[in-house]
Amino acid sequence: MPTFNDSMSQQAQAPIPIVAIEHAAEHVGGVVTIRGWLYNMRESGKLLFPIFRDGTGVMQGVVSLKENPEAFAALKGLTQESSVIATGKIQAEPRAPGGCEIHISVVEVVQRVPESNPYPIQLKEHGVDFLLDQRHLWIRTPRQASILRIRAEAVRAARNFMDGQGYTLTDAPIFTPAACEGTTTLFEVNYIDDQKAYLTQSGQLYVEATAAALGKVYTFGPTFRAEKSKTRRHLTEFWMLEPEAAYAHLDDMIELAEGLVSAIVQSVVQNRARELATLGRDVARLAKIVPPFPRISYDEAVKVLQKAGNPAKWGDDFGGDEETLLSKEFEKPVVIHRYPSAMKAFYMATDPVRPNLALSFDMIAPEGGGEIIGGGERQSSYETLLRRIREANLPEEAFQWYLDLRRYGSVPHAGFGLGLERTVAWVCGTEHIREVIPFPRMLYRVYP
RNA sequence: UGGGGCGUGGUCCAAUCGGUAGGGCACCUCACUGUUAAUGAGGACGGUGUUGGUUCGAGUCCAACCGCCCCAGCCA
């Protein structure tokens, strides 16, 4: 027990700082408190090596029975993922993973995981199905936590970039009266008083309205597609960032897309180096992602594919194989522009020089990252747009507000949609998109 | 929705030709003062997705169903 004088002198000193593990190395030689969970523990005789994690990183602790029997007793036999608050001196230690470790002097166990029902996720191998069932716990592992931090950094970088370019965030609704992509992939919901509504597939139509109101705008939010696709690059719920600008043309949007993607990548490289290292990502490849990106026309892309032995012919859309083949030709994301309009959405503008082409573009990420952006110039003529809506058998009444945008001061305008998860999956180098969103929603999976 | 693959203790896997269902990890105990997903010794728990069929005998062969994975289509 400290004497009265001891506690007086302690009060005169600075209090022990509570630090995040990611900043622990800045406190070498000092005493700090860390608050987190027991990630793992190794034992060696009368020495314990508890590994703590706090969400910002992991750090090894060390405690010896001889020097600190109380802390030793508190940690001895402590179960994985028990929550703990530990205080001790940070010391540089080449033998410790991470370069420094904490010499524990005081330990408080906040909650002890009972032996009768131990933490289900081991440090060793697990199958995908099991891990997805345990997603609420899986996100505690260093790899998953790193991915989620990179996702957050990507979002921050994207919004900073858009705001810096003079774009205003204008959120689009999630309940919508009609489709804006294919009608077969709509999630239908019962709205009030037997009305039907649908979860949005894209903020596109609404962002065209706000572009006419504010000039340069973007939306960022979740979108929903009931696609029956079980591939490594599909989610039924995913986040999209969709810029739209009045008086903008195709090339303006390609330039904006290049700037946006490189801003995201460079921001992650600069601010999330530790997390990229945890993932084992090749940072040198990411560092090269700066504008300008290679741009090829659809015509040229078909020739590139044919030269590489792919059976693609003019008029075909590109699938996963074709995307991978094209992206291998370049170290940076590649922009493919002016697709045949037959394969594009009803609202796409046609090329005045070659009316069978749409003023559209896709951006394909390198290293097999797939399509991360799709966009282009919109159809600004009232008559053409109405005809397209009728040709697509879309409910005309539901699109009256959208047609108003062409009745009242229609202007050339363009935009695109960036798939957040596909972008983050590429930046992280993850094999499957399901790892880059906290709780993935996929075909036949809505738990947890 | 098509094509292919797979379902075995909590978890990751093995089981020859159809012939006694087994191991690693996790959990518990002990040893070890520098471990690196520690190691060594011991212990406890516990299983063939479901239904039916063939057979003396089925984890294994057959059929249907259920679930999962990968690829394709569609897209971000």
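Proteins get letters first, then strands, A, B, ... in listed order; numbering begins at 1 in each. Heavy atoms only: backbone and side chains are in, while hydrogens, waters and symmetry mates are out. All figures in this text were calculated on a predicted structure; none of them were measured in a lab.
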### Message
Rounding to an integer number of angstrom, what distance separates B:A15 and B:U60 when you compare their P atoms?
### Response
14 Å
### A:T79-A:E115 side chain donor-acceptor pair, cut-off 3.5 Å
no
### Task
May I have the distance from A:I336 (atom CD1) to B:C75 (atom P), rounded to whole angstrom?
14 Å
### Query
Which residue pairs pass the side-chain hydrogen bond (donor to acceptor under 3.5 Å, both in side chains) test with at least one member in residues 299-310 of chain A, sequence neighbours excluded?
A:S297-A:E300, A:D299-A:W314, A:D299-A:R354, A:N310-A:E322
### Task
Between B:U8 and B:A31, how far apart are the P atoms? Round to whole Å, please.
38 Å
### Task
For RNA chain B, find the residues of residues 358-369 of chain A with a heavy-atom distance under 4.0 Å and give them by number; none if there aren't any.
none
Return the polar atom pairs (N/O with N/O) between nucleotides 65-70 of chain B and the protein under 3.5 Å, or none.
from  : atom 1 : to     : atom 2 : distance (Å)
B:C68 : OP1    : A:Y444 : O      : 3.4
B:C70 : OP1    : A:R434 : NH1    : 3.4
B:C70 : OP1    : A:R434 : NH2    : 3.2

### Pairwise P distance, B:A64 and B:C74 [rounded to whole Å]
30 Å
### Task
Sticking with atom P, work out how far B:C70 lies from B:G34, rounded to a whole angstrom.
45 Å
### Summary
Across all chains, not counting sequence neighbours, the side chain to side chain contact (heavy atoms under 4.5 Å, CB included) partners of A:A248 are A:A245, A:D252, A:M253, A:A414
### Query
Mind checking what makes side chain to side chain contact (heavy atoms under 4.5 Å, CB included) contact with A:A211, not counting sequence neighbours?
A:V217, A:E244
### Query
Choosing from B:U33, B:C75, B:G34, which nucleotide comes nearest the side chain of A:K66?
B:U33
### Task
Quick one: label A:Q134 by what it contacts on the DNA or RNA (base, sugar-phosphate, nothing), any heavy atom closer than 4.0 Å.
nothing
### Task
Take atom CG of A:L65 and atom P of B:A31, then tell me their distance rounded to the nearest Å.
11 Å
Can you tabulate the close N/O pairs, meaning under 3.5 Å, that link protein atoms to atoms of nucleotides 22-28 of chain B?
from  : atom 1 : to     : atom 2 : distance (Å)
B:C25 : O2'    : A:Q122 : OE1    : 2.8
B:C25 : O2     : A:Q122 : OE1    : 3.4
B:C25 : O2     : A:Q122 : NE2    : 3.1

### Query
With A:R338, which of A:T350, A:N356, A:D351 fulfils side-chain hydrogen bond (donor to acceptor under 3.5 Å, both in side chains)?
A:D351
### Non-neighbouring partners of A:F130 that pass ring-ring contact (aromatic ring centres under 6.0 Å, His included), sequence neighbours left out
A:H126
### Summary
Testing B:A76, B:U35, B:C74 for proximity to the side chain of A:E371, the answer is B:A76
### Task
Would you mind classifying the nucleic acid contact of A:G319 as base, sugar-phosphate or nothing, using non-hydrogen atoms under 4.0 angstrom?
sugar-phosphate
### Query
What pairs of residues pass the salt bridge (charged side-chain N to carboxylate O under 4.0 Å, His left out) test when at least one of them lies in residues 34-52 of chain A, not counting sequence neighbours?
A:E43-A:K76
## Note on the structure
To the nearest angstrom, the CZ-C1' distance between A:R143 and B:A37 comes to 16 Å
### Near-parallel close stack of A:H126 and B:U11 base (under 5.5 Å, under 30°)
no
### Query
Once you round it to whole Å, what is the distance between C1' of B:U11 and CG of A:N117?
14 Å
### Query
Given atom CD of A:E227 and atom P of B:A72, what is their separation to the nearest angstrom?
14 Å
### Message
Contact between A:T170 and A:Y218 at the side-chain level, heavy atoms closer than 4.5 Å - yes or no?
### Response
no
### Query
Which value, in whole Å, describes the distance between the C1' atoms of nucleotides B:C27 and B:A58?
33 Å
### Message
Stem list for RNA chain B, please, built from Watson-Crick and G-U wobble pairs under 3.5 Å and keeping only runs of at least 3.
### Response
B:1-7 with B:66-72, B:10-13 with B:22-25, B:27-31 with B:39-43, B:49-53 with B:61-65
#### Entry: P gap between B:C75 and B:G18, integer Å
48 Å
### Query
Can you list the residues that meet the side chain to side chain contact (heavy atoms under 4.5 Å, CB included) rule with A:V58, with sequence neighbours excluded?
A:Y39, A:I51, A:R53, A:P142
### Query
What interatomic distance, in whole Å, is found between C1' of B:G57 and the corresponding atom of B:U39?
44 Å
### Message
Expressed as a whole number of angstroms, how long is the span from A:Q201:CD to B:C75:P?
### Response
12 Å
### Task
Would you sort out whether A:Y298 and A:F318 count as a ring pair (Phe, Tyr, Trp, His ring centres under 6.0 Å), showing the intermediate values?
CA-CA 10 Å; A:Y298 174 87; A:F318 301 146; 5.2 Å; yes
### Message
Please classify the nucleic acid contact of A:P120 as base, sugar-phosphate, or nothing, using heavy-atom distances under 4.0 Å.
### Response
nothing
### Query
Heavy atom of residues 40-63 of chain A under 4.0 Å from RNA chain B: which residues?
A:N40, A:R42, A:E43, A:S44, A:G45, A:K46, A:L47, A:F49, A:Q60
Could you list all N or O pairs between the protein and nucleotides 42-46 of chain B that sit under 3.5 Å apart?
none

### Query
Nearest-Å distance, CZ (A:F318) to C1' (B:A72)?
17 Å
### Query
Counting distance only, does the side-chain N/O of A:R441 pair as donor-acceptor with the main-chain N or O of A:L235 below 3.5 Å?
no
### Query
Is there a donor in the side chain of A:Q144 and an acceptor in the side chain of A:E435, or the other way round, less than 3.5 Å apart?
yes
### Query
Distance between the P atoms of B:C28 and B:G19, in whole angstroms?
38 Å
### Message
Would you say that A:S341 contacts A:M348 through its side chain, given a criterion of any heavy-atom pair below 4.5 Å between the two side chains?
### Response
no
### Side-chain donor or acceptor of A:R388 paired with backbone N/O of A:F346 under 3.5 Å
yes
### Query
Side chain of A:D321: nearest nucleotide among B:A76, B:G34, B:A72?
B:A72
### Query
Is the shortest heavy-atom distance from the side chain of A:P448 to the side chain of A:F439 under 4.5 Å?
yes
### Query
Taking atom C1' of B:C75 as reference, at what distance in whole Å does atom CE of A:M348 sit?
12 Å
### Message
Within the 4.0 Å heavy-atom criterion, would you say A:E323 contacts the bases, only the backbone, or no part of the nucleic acid?
### Response
base
### Query
What about A:R422, does its side chain sit under 3.5 Å from the base of B:C75 through a donor-acceptor pair?
yes
### Task
With the side chain counted from C-beta on, respond yes when A:Y339 and A:D362 share a heavy-atom pair under 4.5 Å apart, and no when they do not.
yes
